[in-house]
Number of protein chains: 2
Amino acid sequence: MAEAVRLADREGVGELSMRRLARALGAGAMSLYYYVASKEELLDAMIDVVFEEIELPPEETDWQSAMRRRAVSARQVLARHPWAIGLMESRTSPGPANLRHREAVTACLRRAGFPVLTATHANWLLDSYVYGFALQEASLPFDTADEFADMAEDVFLPQLPVDEFPYLNESAAALVAAGFDPAEEFIFGLNLVLAALEPLRVPT
Amino acid sequence: MAEAVRLADREGVGELSMRRLARALGAGAMSLYYYVASKEELLDAMIDVVFEEIELPPEETDWQSAMRRRAVSARQVLARHPWAIGLMESRTSPGPANLRHREAVTACLRRAGFPVLTATHANWLLDSYVYGFALQEASLPFDTADEFADMAEDVFLPQLPVDEFPYLNESAAALVAAGFDPAEEFIFGLNLVLAALEPLRVPT
DNA sequence: TCGTACGTCGTACGTTGTACGAAGAAGTAG
DNA sequence: CTACTTCTTCGTACAACGTACGACGTACGA
């Protein structure tokens with residue numbers, strides 16, 4: 001499992017084949033099938049490994065701090081394993097780590113005073129934001145702020161005719177000037193979402 | 001392109017091969033390569049077909065209504081083409097329809113009075129929500145509310161030991177009782193996000 | 001000593017993306 | 001009409017894929 005995740009991180013999930021994984025483990029291809037019924041099952045298990053890496057919301061703090069921590073952790077983990085995001089779409093049954101995670105998040109929200117159905121709404125909203133952000137971040141063609149500045153000036157701006165895309169040009173320029181940090185960008189939206197949820201609590 | 005999208009919708013993107021697509025078109029496999037340099041390029045083009053289906057924010061209404069319309073449309077389209085979500089993670093260069101869409105959204109936000117960088121934040125937040133929601137919706141193992149109720153009682157609840165997952169049991173039960181409609185769920189979070197963004201506008 | 005279970009893997013089959021180059025179709029110039 | 005170019009189609013071939021099947025060695029309790 002760990003080697004499979006490492007391979008997917010390094011080369012992309014498209015390059016992960018049973019034969020390559022076996023070779024990386026110093027084994028024959030068919031040996032893998034003793035531990036895993038199919039490649040599908042391997043991918044399911046890999047997703048659960050990723051979920052295991054995400055911090056659970058700590059219990060001792062206020063709900064906003066707790067949710068912020070786990071959301072930030074989730075973003076970091078998904079940025080480390082970008083292939084996991086694309087995989088989730090096709091895989092429908094959650095693994096044990098996934099379930100434990102959901103339980104902990106729901107518990108945190110319920111204890112914070114969100115009614116049952118409201119907690120579900122909050123869950124959808126928060127998870128949507130986290131996954132969607134990770135998805136967008138994964139499809140960025142650069143990794144660091146410097147790389148972004150370089151690419152913006154050399155690639156994006158020349159590709160965007162000013163008369164056809166005036167607003168995109170404007171914001172690209174502003175972004176280059178201000179610098180772009182995914183972690184900060186993430187926190188900004190996250191704080192808005194958390195603040196928007198706050199009034200939905202029912203004081204206990 | 002259209003046939004490729006239809007095939008992916010019907011059978012999943014995993015079942016889309018150059019040979020199958022060619023057969024569906026009544027052509028030889030290699031003929032496709034006259035129109036497309038590689039399968040990668042085909043997938044890129046398919047994504048752009050999907051973006052073309054998403055409604056642009058209308059210009060004549062207030063910004064919240066405009067963004068709501070385009071977000072709702074985006075969710076519908078992505079629910080129709082779930083494979084597109086998973087594909088976005090690996091594809092880094094946006095197609096023309098994608099760019100047009102981004103331009104229109106940014107224009108709408110800027111005209112509504114959001115400062116340049118704030119508009120970027122809003123864009124990330126809104127897109128994250130839309131994509132993340134679509135991703136979660138795509139990984140649901142059911143399609144309709146009735147199907148959900150059936151599955152919840154027959155599959156989920158028996159799988160979730162009450163003592164280990166008390167909160168998940170509670171919300172699953174509440175959801176079965178209340179019914180679950182993805183479209184409504186989506187609007188709920190969307191309205192929260194829009195309301196959270198409202199005060200960031202600068203009156204013109 | 002032997003049966004059973006555990007773990008490994010070689011071979012083989014059908015399918016995949018696509019490099020290469022041949023071949024027909026269609027248009028243009030003389 | 002012919003000659004030549006450009007457009008479009010596709011057959012073949014190759015390496016890599018997932019995995020069904022069955023053979024094999026080893027460990028261990030009886």
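Protein chains get the first letters and strands the later ones, always in sequence-line order, with residue 1 at the start of each. As a basis for the values below, the full set of heavy atoms in this structure was taken, side chains included, without hydrogen atoms, waters or symmetry mates.
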Show me the donor-acceptor pairs, under 3.5 Å and distance only, between side chains in residues 182-189 of chain A and residues at least two apart or in other chains.
{"residue": "A/Glu185", "atom": "OE1", "partner": "B/His121", "partner atom": "ND1", "Å": "3.2"}
{"residue": "A/Glu185", "atom": "OE2", "partner": "B/His121", "partner atom": "ND1", "Å": "2.7"}

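In this structure a side-chain-to-backbone donor-acceptor pair under 3.5 Å is present from A/Asn169 to A/Leu160. Listed for the B/Arg201 side chain is a donor-acceptor partner under 3.5 Å among the backbone atoms of B/Ala112.
Within a 6.0 Å radius of CZ in A/Arg69, other residues, nucleotides and ligands contribute 12 heavy atoms or fewer.
Residues passing the side-chain hydrogen bond (donor to acceptor under 3.5 Å, both in side chains) test with A/Asp62, sequence neighbours excluded: A/Ser65. With sequence neighbours left out, B/Arg70 forms a side-chain hydrogen bond (donor to acceptor under 3.5 Å, both in side chains) with B/His101, B/Asp127. Legend: residues meeting salt bridge (Lys or Arg N to Asp or Glu O under 4.0 Å) with B/Glu137, ordered by chain and number and at least two apart, are B/Arg75. Contacts of A/Glu3 classified as side-chain hydrogen bond (donor to acceptor under 3.5 Å, both in side chains), with partners at least two apart in sequence or in another chain: A/Arg6.
Between the C1' atom of D/dT9 and the OH atom of B/Tyr35 lies a distance of 8 Å, rounded to the nearest Å. Distance CD (A/Glu11) to C1' (D/dA16): 15 Å, rounded to an integer number of Å. Atom CG of A/Leu21 is separated from atom C1' of C/dC9 by 15 Å (rounded to the nearest Å). Nucleotide C/dA22 holds its C1' atom 16 Å from the OH atom of B/Tyr34, rounded to whole Å. Across the protein-nucleic acid pair, B/Glu40 atom CD and C/dT18 atom C1' stand 13 Å apart, rounded to whole Å.
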Please list, pair by pair, any protein nitrogen or oxygen found under 3.5 Å from a nitrogen or oxygen in nucleotides 13-16 of chain C.
{"residue": "C/dT16", "atom": "OP1", "partner": "B/Ser17", "partner atom": "OG", "Å": "3.1"}

With the criterion being N/O to N/O and under 3.5 Å, what pairs connect the protein with nucleotides 25-27 of chain D, and how long is each?
none

>> Only Watson-Crick and G-U wobble pairs with both distances less than 3.5 Å should count. Give DNA chain D in dot-bracket notation, marking inter-strand partners with |.
In response: ||||||||||||||||||||||||||||||
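Annotation: proximity of residues 84-95 of chain B to DNA chain C (heavy atom, distance under 4.0 Å) is found for no residue. A heavy-atom distance below 4.0 Å to DNA chain D is reached by these residues of residues 24-31 of chain B, ordered by number: B/Ala27, B/Gly28, B/Met30, B/Ser31.
We find that A/Arg100 and A/Glu52 are joined by a salt bridge, their nearest charged nitrogen and carboxylate oxygen being less than 4.0 Å apart. Taking the charged nitrogens against the carboxylate oxygens, A/Glu170 and B/Arg110 do have a contact shorter than 4.0 Å, which makes a salt bridge.
Side-chain contact annotation: B/Thr106 with B/Asn123, donor-acceptor N/O pair under 3.5 Å present.
In this structure, B/Trp124 has its ring center at least 6.0 angstrom away from the ring center of A/Tyr129.
Sorted by first and then second residue, the pairs that involve residues 20-39 of chain A and meet salt bridge (Lys or Arg N to Asp or Glu O under 4.0 Å), not counting sequence neighbours, are A/Glu11-A/Arg20. Among pairs with a residue in residues 16-68 of chain B, those fulfilling ring-ring contact (aromatic ring centres under 6.0 Å, His included) read B/Trp63-B/Phe114, at least two apart in sequence or across chains.
Rounding to the nearest 0.5 angstrom, the gap separating the OG atom in B/Ser171 from the CZ atom in A/Arg102 is 9.5 Å.
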